[in-house]
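Just the heavy atoms: all of them, side chains too, but no hydrogens, waters or symmetry mates, feed the values below. These figures come from a predicted structure and were not determined experimentally.
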Amino acid sequence: LMEPMLPATTGMLYLLFGTPQHVAYLTNLLLLWPLSCAVFLLATADSRSPLAGWLAAWVCFTMPGTIVFSREYSPEPVLAVWMALGLWCYVQSDRCQRLPWAIGTGVCLGLALLSRKIAAVYLAGPLLVAGWQVLSDTRPERRRRLRHALTALGIGAFLARLWYLPYGKW
């Protein structure tokens with residue numbers, strides 16, 4: 001049983017274009033655009049330079065792995081979109097200082113887990129770094145940041161639970 005994000009995305013395209021097989025392959029090709037936009041936003045937020053954003057998006061869009069995945073019916077592009085958007089939301093949250101962005105991070109975390117089970121492995125590194133950043137903060141906002149980070153984790157876990165617990169696929 002496949003994780004639900006790729007079939008759900010394909011289902012939306014089926015509603016628009018019908019159900020021929022080439023529409024399923026169109027899904028990953030169309031996902032290159034939000035992936036490039038997410039990488040652009042992430043690079044621009046980190047460097048404050050639009051040129052760095054354009055360069056990062058171009059590199060992401062033209063990488064051989066990205067091109068190969070765009071020609072297969074594979075969940076990796078969906079996972080990459082949610083990972084990039086989640087990292088961008090985390091950067092915007094200023095280490096979980098801003099609750100709305102922390103919530104966005106949690107939603108992206110949950111949707112990444114609904115894209116592919118292996119996302120838990122990919123998320124381990126960024127989650128460890130984020131946890132260290134929140135816990136090593138000595139300012140008075142530490143408790144608030146920790147509350148926001150735990151809220152984000154809870155939202156991500158709740159979204160993933162909606163699929164993995166009923167189907168016993170964790």
Please check if [X] and [Y] belong to a single hydrophobic cluster, counting links between Ile, Leu, Val, Met, Phe, Trp and Tyr side chain heavy atoms closer than 4.5 Å.
X	Y	answer
Leu113	Leu153	yes
Tyr164	Val78	yes
Trp58	Phe40	no
Leu87	Val59	no
Met2	Tyr14	no

In Å and rounded to the nearest 0.5 Å, what is the [atom1] to [atom2] distance from [X] to [Y]?
X	Y	atom1	atom2	answer
Met83	Leu111	CE	CG	13.0 Å
Leu31	Thr9	CG	OG1	6.0 Å
Ser115	Tyr122	OG	OH	12.0 Å
Thr27	His22	OG1	NE2	11.0 Å
Met5	Leu114	CE	CG	7.0 Å
Cys108	Ile155	SG	CD1	11.0 Å

Side-chain donor/acceptor of [X] to backbone N/O of [Y], under 3.5 Å:
X	Y	value
Asn28	Ser74	yes
Thr66	Thr62	no
His148	Ala102	no

Do [X] and [Y] come close enough that some side-chain heavy atom pair is under 4.5 Å?
X	Y	result
Val134	Arg142	no
Leu35	Cys60	yes
Ile118	Leu79	yes
Leu135	Leu146	yes
Leu26	Phe17	yes
Pro20	Val23	yes
Leu127	Leu109	yes
Leu30	Leu13	yes

**Q.** Arg145/Asp137 salt bridge by N-O under 4.0 Å criterion
**A.**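 Here Asp137 pairs with Arg145 in a salt bridge, since their nearest N and O are under 4.0 Å apart.
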Does [X] have any side chain to side chain donor-acceptor pair (under 3.5 Å) partners at least two apart in sequence or in another chain, and if so, which?
X	result
Tyr73	Thr10
Glu72	none
Glu141	none
Arg48	none

Q: Count the heavy atoms of every other residue, nucleotide or ligand shown that sit under 6.0 Å from OH of Tyr25, and state whether that count exceeds 12.
A: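 Atom OH in Tyr25 is not crowded, with 12 or fewer foreign heavy atoms closer than 6.0 Å.
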Q) Nearest heavy-atom pair of Gly53 and Ala43: which atoms, and what distance? A)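 Minimum heavy-atom separation between Gly53 and Ala43: CA-CB, 3.7 Å.
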Q: Determine the minimum heavy-atom distance between Ser36 and Phe61, stating which atoms define it.
A: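 It is OG-CD1, 2.9 Å.
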Q) Could you give all pairs that pass the side-chain hydrogen bond (donor to acceptor under 3.5 Å, both in side chains) test and reach residues 80-94, with sequence neighbours left out? A)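 side-chain hydrogen bond (donor to acceptor under 3.5 Å, both in side chains) check on residues 80-94 returns Tyr90-Gln133.
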Q.
Name the residue from Pro77, Pro75, Pro64 that meets the side-chain contact (heavy atoms from CB on, under 4.5 Å) definition with Phe69.
A.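 The passing option is Pro77.
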Q) With a cutoff of under 4.5 Å between side-chain heavy atoms, which Ile, Leu, Val, Met, Phe, Trp and Tyr residues group with Leu128? A)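 Besides Leu128, the hydrophobic cluster comprises nothing; the residue is isolated.
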